[in-house]
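Report on one structure; see the data block that follows.
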Amino acid sequence: MIKTILAAVDEKMPQKEIIEQAGQILKQGGLVAFPTETVYGLGANGLDAAACKKIYQAKGRPSDNPLILHIAKKQSLYDIVKEVSPNAEKLMEAFWPGPLTMVFQKKDCVPYEITGGLETVAVRFPSHAVACGVIEAAGVPIAAPSANVSGKPSPTRASHVIFDLNGKVDMILDGGSAEVGLESTIIDVSQSIPVLLRPGAVTKEMIEQVVGNIDVDPAIFSKPDETIAPKAPGMKYTHYAPKAEVILVQGEDLSAVQMKIKELVKEDLRLGKEVGILATDQTKNAYGEGIVLSLGSRENPLQIGANLFKHLRKFDFLGIEVVYAETVPETGEGMAIMNRLKKAAGYKIIEIVS
Ligand code: TXA
Ligand code: MG
């Protein structure tokens with residue numbers, strides 16, 4: 001156990017002393033968890049292999065799962081990657097700073113320990129004032145995976161980070177709730193046609209408006225084939241889940257979905273299980289039994305994305321054993337929501353054909 005410094009920080013105008021202290025810790029090879037607009041990150045000096053090793057230890061993360069390097073100005077990209085393609089330049093112009101991570105060929109200064117042995121490196125320029133302040137104060141690119149214990153839902157508020165990592169990291173900055181609530185979009189721009197590796201708030205449709213048609217890693221939609229390595233190594237870990245068993249119930253007809261969930265809940269309650277339902281504002285009042293949490297309005301997928309991990313963690317906190325979840329259409333932000341839901345469910349989906 002180490003003594004973790006907890007500090008509340010203004011998310012728009014972070015206090016200078018606190019940011020400086022975080023920067024010092026990072027310079028000395030320590031670990032600092034901080035808010036970003038997507039989820040909280042666990043940062044270390046990204047060019048220091050020994051510091052990054054501590055990230056893997058604190059999270060219990062497999063060493064072949066590479067980290068994202070975070071920068072706070074566009075020029076820093078050219079110090080760490082070999083080539084920036086015209087497509088990458090356009091995407092940077094359109095979406096940085098923001099929830100988009102791009103994969104490039106790495107320069108020699110980037111240690112293999114952070115890329116899981118790959119020749120490529122993932123880079124992101126976040127838009128959050130605290131994240132950018134911390135990166136600038138450290139004066140180096142900051143390696144930062146999501147600040148959760150490996151396998152748990154990503155943290156969207158400081159209390160989640162404290163629950164997972166208190167006593168394992170040097171400092172945790174509390175900057176309120178993460179706005180997006182889902183991890184960044186990842187796109188590989190190291191090849192001629194960009195490949196979407198992880199969907200996020202910067203959607204496929206938004207990217208295609210800037211660079212035309214892109215490819216999509218099939219691992220986004222279905223259980224990765226264990227014989228083929230997914231292009232984003234982290235995507236192969238299906239245990240991305242709360243303690244409860246999550247089961248998705250999917251169908252064209254929402255009332256048929258509700259009927260099925262009600263039937264399943266009734267049966268589980270009869271067996272004495274603690275049951276949760278992940279619903280939406282349009283459906284939440286229809287269930288009557290079980291613990292119902294609404295993700296938000298079906299007309300506002302951004303709200304649904306922002307609440308997903310928070311609710312999955314809440315079900316754990318409440319001791320729920322089985323969660324039945326409604327699904328959303330897989331377009332726009334829905335692609336990211338469904339990707340995380342399917343992973344949380346270990347790809348268990350009940351299809352309602354009507
Ligand atoms: O929103 C985010 O991206 C957050 C915040 C903190 O910035 N970070 C985050 O990091 O989600 P992490 O480590 O939880 O997820 C990083 C993902 C993993 O799936 C990893 O396999 C993939 O990025 N990745 C990292 N480097 C890669 C590379 N060179 N090629 C392909 N995928 C890579
Ligand atoms: Mg993660």
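Both ligands and their constituent atoms are indexed starting at 1 by order of listing.
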(message) Distance check below 2.8 Å: does S154 bring an N, O or S atom to the Mg ion (ligand 2)?
(response)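 For S154, the answer is no, given that no N, O or S atom comes within less than 2.8 Å of the Mg ion (ligand 2).
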Under 4.0 Å, heavy atoms only, figure out whether ligand 1 is touched by the backbone of [X], its side chain, both or neither.
X	result
I186	side chain
T115	neither
E119	neither

Numbered atoms and elements of ligand 1 in range of [X], under 4.0 angstrom, heavy atoms:
X	answer
R124	1 (O), 2 (C), 3 (O), 5 (C), 7 (O)
L118	28 (C), 29 (N), 30 (N)
G41	6 (C)
N65	18 (C), 20 (C), 21 (O)
S184	1 (O), 2 (C), 3 (O)
L197	31 (C)
T120	28 (C), 29 (N), 30 (N)
S146	8 (N), 9 (C), 10 (O), 12 (P), 14 (O)

(message) Can you confirm, on distance only, whether ligand 1 has an N/O atom lying under 3.5 Å from any N/O atom belonging to T38?
(response)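 Yes; at least one N/O pair falls below 3.5 Å.
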(request) Please confirm whether R198 comes under 4.0 Å of ligand 1, counting heavy atoms of the residue only. (result)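 Judged by the 4.0 Å heavy-atom criterion, R198 does count as contacting ligand 1.
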(message) Within this structure, what is the CD-OH distance for the pair E245 and Y324, rounded to the nearest 0.5 Å?
(response)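 So the gap between those two atoms works out to 7.0 Å.
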(request) Supply the atom-to-atom distance I135 CD1 to L69 CG, rounded to the nearest 0.5 angstrom. (result)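 If we round to the nearest 0.5 Å, I135:CD1 and L69:CG are 10.0 Å apart.
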(request) In sequence, state the C-alpha distance, the side-chain angles, and the governing distance for R313 and R157, and then conclude on side chain to side chain contact (heavy atoms under 4.5 Å, CB included). (result) CA-CA 11 Å; R313 280 182 177 259; R157 42 183 66 194; over 6 Å; no
(request) Using heavy-atom distances, let me know which of P145, S190, A33 sits nearest atom 12 (P) of ligand 1. (result)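 Going through P145, S190, A33 one by one, P145 has the nearest heavy atom to atom 12 (P) of ligand 1.
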(request) Please name the pair of heavy atoms, one in I352 and one in A256, separated by the smallest distance, quoted to 0.1 Å. (result)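 Taking I352 first and A256 second, the nearest heavy atoms are CG2-CB, 3.9 Å.
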(message) Run S184 and T101 through side-chain hydrogen bond (donor to acceptor under 3.5 Å, both in side chains) and show every step you take.
(response) CA-CA 6 Å; S184 63; T101 296; 2.7 Å; yes
(request) Flag the pair E20 and K16 as a salt bridge only when some basic side-chain nitrogen lies within less than 4.0 angstrom of an acidic carboxylate oxygen. (result)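 Result for this pair is no, no salt bridge flagged.
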(request) Using a strict 4.0 Å threshold on nitrogen-to-oxygen distance, state whether E289 and K266 make a salt bridge. (result)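 Salt bridge present between E289 and K266.
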(request) Tell me, please, which residues at least two apart from K262 pass side chain to side chain contact (heavy atoms under 4.5 Å, CB included). (result)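 Testing K262 for side chain to side chain contact (heavy atoms under 4.5 Å, CB included), a comparison that skips the adjacent residues, returns Y287.
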(request) Could you pull out all residues at least two apart from L77 that satisfy side chain to side chain contact (heavy atoms under 4.5 Å, CB included)? (result)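 Only I71, V81, V84, M92, W96, F104, V123 meet the side chain to side chain contact (heavy atoms under 4.5 Å, CB included) criterion with L77.
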(request) Please report the C-alpha distance between L26 and V140 in whole Å, then the side-chain angles of each, then the deciding distance to 0.1 Å, and finally whether the side chain to side chain contact (heavy atoms under 4.5 Å, CB included) criterion is met. (result) CA-CA 9 Å; L26 289 166; V140 285; 5.9 Å; no
